[in-house]
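Throughout, protein chains are lettered first and strands after them, A, B, ... in sequence-line order, and every chain is numbered starting at 1.
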Amino acid sequence: MTEDPKGKIIICRCNDVTLKEIEDLIEGGITDIEEIKRLTRIGMGPCQGRTCIPLVISIIARKAGKKPGEIPVPATRVPVRPVMMGVLAGEMGDDDEE
Amino acid sequence: MPTRELPEKSEITIIGGGIIGVTLAHELAKRGEEVTVIEKRFIGSGSTFRCGTGIRQQFNDEANVQVMKRSVELWKKYSEEYGFPFSQTGYLFLLYDDEEVETFKRNIAIQNKFGVPTRLITPEEAKEIVPLLDISEVVAASWNPTDGKASPFHSTAKFALHAEEFGARLVEYTEVKDFVIENGEIKGLKTSRGTIKTGIVVNATNAWAKLVNAMAVIRTKIPIEPYKHQAVITQPIKNGSVKPMVISFRYGHAYLTQTAHGGIIGGVGYELGPTYDLNPTYEFMREVSYYFTKIIPALRELLILRTWAGHYAKTPDSNPAIGKIEELSDYYIAAGFSGHGFMMAPAVAEMMADLITKGRTDLPAWWYDPYRFERGELRGVALQMG
Amino acid sequence: MPDVPSYLRRGYITPEELFGMIPKPSEERLRAKPVAVPECPQEIPCAPCREVCPTGAINMPTPNDLPIVDYEKCVGCSLCVQICPGLAFFMVHYVGDKARITMPHELLPVPKRGDEVVLLNRMGEPVGTGRVILVIPREKSMGDTAVVTVEVPIELAWEVRAIRVPGGKRND
Amino acid sequence: MRLTEHPILDFSERRGRKVTIHFEGQPVEAYEGETIAMALHAAGIRVLSHSAEKHRPRGLFCAIGKCSSCLVKVNGVPNVRSCITLVEEGMKVEMQRGKETLPKGAKPPAWKDAPRYKADVVVIGGGPAGLMAAIHAADAGASVILIDENPMLGGQLVKQTHKFFGKREQFAGVRGVKIAEILGEEVKKRGNIEVFLETSAVGVFHEGEEKLVAAVRKNKELLEFLGKTLVVATGAMEKMIPFENNDLPGIYGAGAIQTLMNTYGVKPGDRVLIVGAGNVGLILAYQLIQAGVEVKAIVEAMPKVGGYFVHAAKVRRLGVPILTRHTILRAEGKDRVERAVIAQLDENWRPVPGTEKVFEVDTIALAVGLRPSIELLHQAGCQVKFVRELSGHVAVRDGRMETTVQGIFVAGDSAGIEEATTAMLEGKIAGIAAALKAGAASPEWLAEIEKAQRDLLEFRSGPFGRHVLEGIKKVLVGVDGYA
């Protein structure tokens with residue numbers, strides 16, 4: 001049973017993933033957060049999972065009858081906040097005022 | 001749905017649920033064989049879901065060109081039948097000097113011989129294909145519009161689904177711990193969920209192949225080592241911004257393209273290992289940014305969202321080891337893909353299924369003979385990037 | 001939920017609940033001079049009232065204990081009202097048929113002496129009007145909080161805990 | 001929509017020179033030093049982008065550059081986070097519509113080695129924990145680098161107009177904004193603390209025994225910080241809750257509203273519904289009233305007020321209803337919040353049919369809790385564990401706040417959601433311990449650690465603190481506080 005019959009409860013803002021989409025996967029037997037991540041793109045947007053991952057953990061816990069502590073958090077990888085390629089390359093050049 | 005239930009017995013058991021194991025299970029089951037895949041975590045979780053998504057026929061030897069030509073045919077066929085995204089958006093190798101051009105002319109001749117329509121194009125033509133390219137240093141490009149890319153997640157999931165429809169069993173979250181061997185014959189496999197009786201085992205664990213070989217006490221020298229390669233993905237941009245896979249050996253052996261979702265994905269030649277460590281490094285983040293912005297300067301303002309690492313399971317000649325290992329019946333290996341496993345999988349599945357069910361294949365399996373290392377007959381190093 | 005005190009369900013405390021936890025000052029004491037009465041029924045880690053009290057009238061062995069005012073020692077100086085981070089200290093003084101309530105005020109406008117203001121109870125309901133008889137502005141308050149004393153009908157002494165000041169420029 | 005007067009804060013001194021930016025071709029007045037999102041909000045503009053997949057309207061949400069809800073195009077460059085990008089005269093801002101094209105004609109950047117700064121102790125985060133860590137590490141004898149993402153030190157303190165609890169020596173009775181000023185001054189006084197503002201750590205790497213922090217300043221310059229030890233005091237992130245249309249512009253995290261009104265003096269809206277009666281929600285309600293905003297109600301799913309009673313009493317007597325055992329069902333509105341629908345919850349946390357109430361509000365504030373920001377610790381390899389009492393995943397550590405990665409310390413909300421006061425005490429412990437570990441402090445500083453540990457125990461001896469202590473026990477390793 002979904003709590004999101006209209007598909008208007010947004011869990012991941014970056015990739016517009018709804019509660020319903022996640023619940024459907026869990027009901028289909030997929031409860032590994034890494035799998036849910038790859039199939040729905042939760043946690044893969046520009047917020048890097050900051051908003052959605054804790055929510056998804058609680059959804060899995062509720063639907064799959066697990067404790068939140070039993071659900072491993074997905075790896076945190078560099079960069080821990082998005083960075084422009086040009087900045088990592090070194091000097092952005094022309095528009096640098098300093 | 002993949003299960004966590006281990007069957008009591010299976011004629012054929014594949015260790016490793018990556019794209020190789022899954023497509024092989026699919027092919028064997030389709031031919032009516034009883035087959036089980038045993039995967040330590042979940043389908044695709046090893047190297048498959050970490051790969052750079054590219055599928056190309058532009059190799060530098062006849063065997064790989066033939067195998068990849070067949071593979072692309074199969075990618076196309078199954079993507080249409082099963083409905084997963086595979087797009088023939090081409091591979092574009094940027095060339096910066098005469099020597100590179102000469103090398104690629106030779107490669108193109110080999111490719112053309114087998115009907116792969118690669119051709120040399122001008123920098124301006126390259127820019128028409130990818131308008132954001134910086135071609136100021138480019139002298140020519142090698143272009144094959146029939147190369148492509150596919151989503152590792154969706155394609156593997158579809159192959160898995162249809163493999164099960166044909167009767168294959170995919171067992172996840174189950175780790176093979178040991179072989180049950182009697183008088184040189186495989187009788188079964190001990191796993192974290194108990195023992196499965198089986199006669200034929202395929203080692204499809206790629207980066208972990210040496211560990212499985214050791215478990216089976218294989219003495220034949222099959223040098224496959226795990227090297228750490230890293231990849232990057234950016235924030236999504238308008239689809240169609242970078243259609244083909246763009247390659248530049250000059251700039252860091254870089255490869256980059258756009259995913260169906262819109263992010264720029266790719267990597268460079270920076271390699272660490274042998275190691276099982278998968279922590280991304282600072283050096284990679286910097287190098288990939290420098291080289292990518294050299295190739296497409298407009299990427300400078302694009303945000304990197306994530307980097308990650310996966311394994312290239314490398315052999316000394318960057319060609320996989322595919323075939324039967326005679327010292328143990330019936331033990332097969334399909335591993336050591338050196339970064340080409342995803343793209344080769346459908347053809348390798350066909351080749352392996354031929355070898356297992358018929359003992360012979362029309363595809364040039366001899367090139368990947370696992371005994372070549374022992375005999376000191378290394379192949380020419382397969383063209384590799386990233 | 002019988003274990004949840006009703007003041008935590010509603011967000012306000014009634015005088016009955018309050019004086020079930022701390023003693024109520026006697027009529028005699030209330031007529032003598034202003035006396036500080038804390039409305040702080042929960043064990044939270046906080047001690048400035050005790051630390052600032054010049055006569056040591058506030059009994060609180062550890063910062064997590066409830067403040068208990070020794071009404072005989074309290075001199076009605078209002079320092080506790082000024083400093084209390086929870087704005088939970090008030091002073092009450094009975095004068096004739098009026099009561100003078102001293103309370104913290106951290107809103108605009110700050111009233112002036114003599115202003116007539118709307119009296120609010122603990123639920124924010126208007127219960128009448130009263131006259132401001134003393135204002136300690138923020139700059140002169142030891143706790144950086146303005147303190148206002150209003151005169152109210154004596155029967156509202158234990159009801160009025162906030163004021164609404166009419167007029168004043170508002171943000172658009 | 002700008003605040004001209006405020007009972008506690010003075011914005012006239014804070015606002016810079018007037019400039020004009022353009023949004024969708026229309027001129028918008030702004031002040032130098034404020035972010036694009038703040039200036040647009042002050043002009044009444046709520047919708048900043050349309051999402052990439054379902055084209056839903058989106059606006060500001062977190063206001064600290066984390067949530068990606070407020071992306072705009074600036075001078076042709078897409079994906080700019082308007083909440084952390086400062087306005088510049090003549091800037092051309094456009095709404096981002098899904099996935100955008102990249103500007104043509106860019107020049108490739110040149111390779112440059114990043115400047116590298118070294119210190120005994122590198123502190124990441126300039127909130128209460130990080131400030132105290134830096135001050136005490138410096139006093140113990142260490143050279144210190146302190147980096148923070150914001151243009152000013154103080155972390156969340158700079159948005160807090162209320163006075164803090166605790167003891168007077170721990171700044172009790174002093175407003176958060178003032179504490180930020182005091183600690184900022186203390187940092188400035190010390191010659192052995194080097195401060196880097198507007199600098200975000202993007203990764204922690206190991207260089208032998210030392211820690212390399214890669215960071216980006218003002219989003220455009222790569223910097224490297226090498227420390228013998230590292231204190232991570234990166235604070236917290238706001239939680240989100242699922243309800244219908246929970247992404248509509250006008251739904252903000254409580255922290256974003258505090259940033260709008262208390263940092264930039266921009267009125268967040270006219271009529272607000274607050275979800276959550278913990279301390280954040282209660283304090284926010286009071287701050288909104290101080291800014292002249294009407295708070296229609298506070299709804300709370302729990303059967304009681306979760307924050308301090310005194311914070312509840314403060315807003316209750318100003319007429320704000322607190323509806324315990326209620327939840328928000330949905331937000332309604334075309335492309336911004338026009339109303340909110342709430343309902344009562346039964347014993348099983350299910351909405352009771354027929355109890356729906358509608359509030360005509362233009363803003364919904366989510367104050368449904370914080371969770372520790374552990375991204376850097378997790379990325380650096382520190383072992384983490386989910387602890388309900390600490391509000392999420394936190395790093396396993398010992399009594400001196402050292403994590404399972406030698407030389408990496410943690411303090412404040414990133415070690416578990418608690419109070420600014422405990423954050424300061426933990427910061428003190430971590431700062432001194434990091435200085436000791438770096439070999440920069442003499443052993444007598446252990447006495448200061450012990451004093452701070454006693455102060456923490458005293459602070460945590462009440463019912464709120466005991467709950468936290470239960471949680472800390474689950475992640476504490478080592479005997480006598482040392483592994």
Of the listed D:Arg56, D:Arg388, D:Arg330, D:Glu238, the one with the largest count of heavy-atom pairs under 4.5 Å with chain A is D:Arg56

Honestly, the part of A:Ile59 sitting under 4.5 Å from a heavy atom of chain D is neither

Note: A:Gly69 and D:Phe386 closest approach over all heavy atoms is CA-CB, 3.7 Å

Discussion item. Any salt bridge linking A:Arg81 with D:Glu149? Criterion: basic side-chain nitrogen under 4.0 Å from a carboxylate oxygen.
Written reply: yes

Honestly, the part of D:Ala214 sitting under 4.5 Å from a heavy atom of chain A is neither

Whatever's closer than 4.5 Å to a heavy atom in chain D on A:Leu88 counts as both

Applying a strict 4.5 Å limit to non-hydrogen atoms, the region of A:Lys6 in contact with chain D is side chain

Turns out that what part of D:Lys385 lies under 4.5 Å from chain A's heavy atoms comes down to neither

From the list A:Asp4, A:Ile11, A:Ile22, side-chain contact (heavy atoms from CB on, under 4.5 Å) partner of D:Pro242 resolves to A:Ile11

When the 4.5 angstrom heavy-atom criterion is applied to A:Pro46 and chain D, the contacting part is both

Rounded to the nearest 0.5 angstrom, the OG1-CG distance for A:Thr51 and D:Asp247 is 11.5 Å

The interface call for D:Val384 against chain A, heavy-atom contacts under 4.5 Å, is side chain

Heavy-atom closest pair (A:Pro74 atom, D:His378 atom, distance to 0.1 Å) is O-CE1, 3.2 Å

Dump the intermediate steps for side chain to side chain contact (heavy atoms under 4.5 Å, CB included) on A:Ile9 and D:Asn246, then the final yes or no. CA-CA 6 Å; A:Ile9 299 179; D:Asn246 54 349; 4.1 Å; yes

Okay, A:Val73 and chain D: the region with an atom under 4.5 Å from a heavy atom over there is both

Bottom line for A:Ala89: the part with an atom under 4.5 Å from chain D's heavy atoms is both

With chain D, the option among A:Asn15, A:Ile57, A:Thr76 that has the most non-hydrogen atom pairs under 4.5 Å is A:Thr76

Looking at D:Lys54, is its backbone amide N or carbonyl O close enough to the side chain of A:Asp16 to form a donor-acceptor pair, meaning the two atoms are under 3.5 Å apart?
yes

Assert top hit (heavy-atom pairs under 4.5 Å, partner chain A, pool D:Met237, D:Arg371, D:Glu221) equals D:Arg371

Scored by heavy-atom pairs under 4.5 Å with chain D, the best of A:Glu70, A:Arg13, A:Lys8 is A:Arg13

If one checks every heavy atom of D:Asn219 against chain A at 4.5 Å, the contacting part turns out to be backbone

What one should report as the nearest heavy-atom pair of A:Cys14 and D:Ser68 is SG-OG, 3.1 Å

Exactly one candidate in A:Arg50, A:Gln48, A:Arg77 meets side-chain contact (heavy atoms from CB on, under 4.5 Å) with D:Glu375; the answer is A:Arg50

Looking only at D:His393, D:Met240, D:Lys239, D:Arg58, most heavy-atom pairs under 4.5 Å shared with chain A are made by D:Arg58

Applying a strict 4.5 Å limit to non-hydrogen atoms, the region of D:Ile241 in contact with chain A is backbone

